[in-house]
Q: 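Got a structure for you, written out below as C-alpha cells; questions coming shortly.
Being a predicted model, the structure only gives us computed values, none of them experimental.
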Amino acid sequence: MGWGYLFPGVVNFWNRFQVDTTNIPIAIGLILMMYPPLAKVRYEEMGHVFRNYRVLASRWSRTGSSARS
C-alpha cells in the first residue's frame, strides 16, 4: 500500500528519524528481529520457561544483582 501517496506527511515524519543514510526505527526493528536467531532461542521451550515463575524470578534477580555490582 502506498502510505506516502495516501498520507503525504508520513514521508517527512519518518525522514526525521534518519541519520545520514540509516533510518533508526528500521535499524532497531532489524536488530530486534535478528536477535532471536543469532542468540539461538529455542522457541519450543519458551512456553515452559514462562510458566515457571521461579526461573524468571531467579534470572531477573541474578541480572539485577550483577548490574548493581
Side-chain angles (χ1 to χ4, degrees):
M1 177 162 235
W3 286 98
Y5 180 75
L6 293 174
F7 306 103
V10 78
V11 174
N12 293 329
F13 172 76
W14 284 114
N15 283 338
R16 289 191 303 178
F17 299 104
Q18 191 162 332
V19 177
D20 201 18
T21 60
T22 303
N23 188 302
I24 302 302
I26 291 176
I28 291 170
L30 287 171
I31 291 168
L32 292 174
M33 191 174 61
M34 289 304 299
Y35 180 76
L38 293 173
K40 296 181 182 175
V41 172
R42 291 186 225 143
Y43 293 104
E44 64 275 1
E45 295 182 17
M46 289 186 78
H48 177 70
V49 169
F50 283 109
R51 271 185 245 128
N52 188 345
Y53 294 110
R54 280 191 264 158
V55 170
L56 291 174
S58 68
R59 180 72 173 155
W60 181 78
S61 65
R62 276 190 265 149
T63 305
S65 64
S66 65
R68 287 185 219 128
S69 299

Q: I'd like to check the side-chain contact (heavy atoms from CB on, under 4.5 Å) partners of N15; sequence neighbours left out, ordered by chain and number.
A: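 N15 satisfies side-chain contact (heavy atoms from CB on, under 4.5 Å) with V11, Q18 once adjacent residues are dropped.
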Q: Under the side-chain contact (heavy atoms from CB on, under 4.5 Å) test, which residues partner Y35, sequence neighbours left out?
A: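 A39.
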Q: For R42, which residues count as a salt bridge (charged side-chain N to carboxylate O under 4.0 Å, His left out) partner, sequence neighbours excluded?
A: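 Partners of R42 under the salt bridge (charged side-chain N to carboxylate O under 4.0 Å, His left out) test: E45.
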Q: Can you list, by chain and residue number, the hydrophobic cluster partners of L32 when the side-chain cut-off is 4.5 Å?
A: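 Members alongside L32: V19, I24, I28.
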Q: Hydrophobic side-chain clustering at under 4.5 Å (ILVMFWY, transitive links): who's grouped with L38? Put none if nobody.
A: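 Result for L38 is M34.
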Q: Each residue besides M33 in its hydrophobic cluster should be listed here, by chain and number; the cluster joins Ile, Leu, Val, Met, Phe, Trp and Tyr at side-chain heavy-atom distances under 4.5 Å.
A: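 Besides M33, the cluster holds I26, L30.
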Q: Assign the ring pair W14 / F17 to parallel, tilted or perpendicular, where the plane angle (0 to 90°) is split at 30° and 60°.
A: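 W14 and F17: tilted rings.
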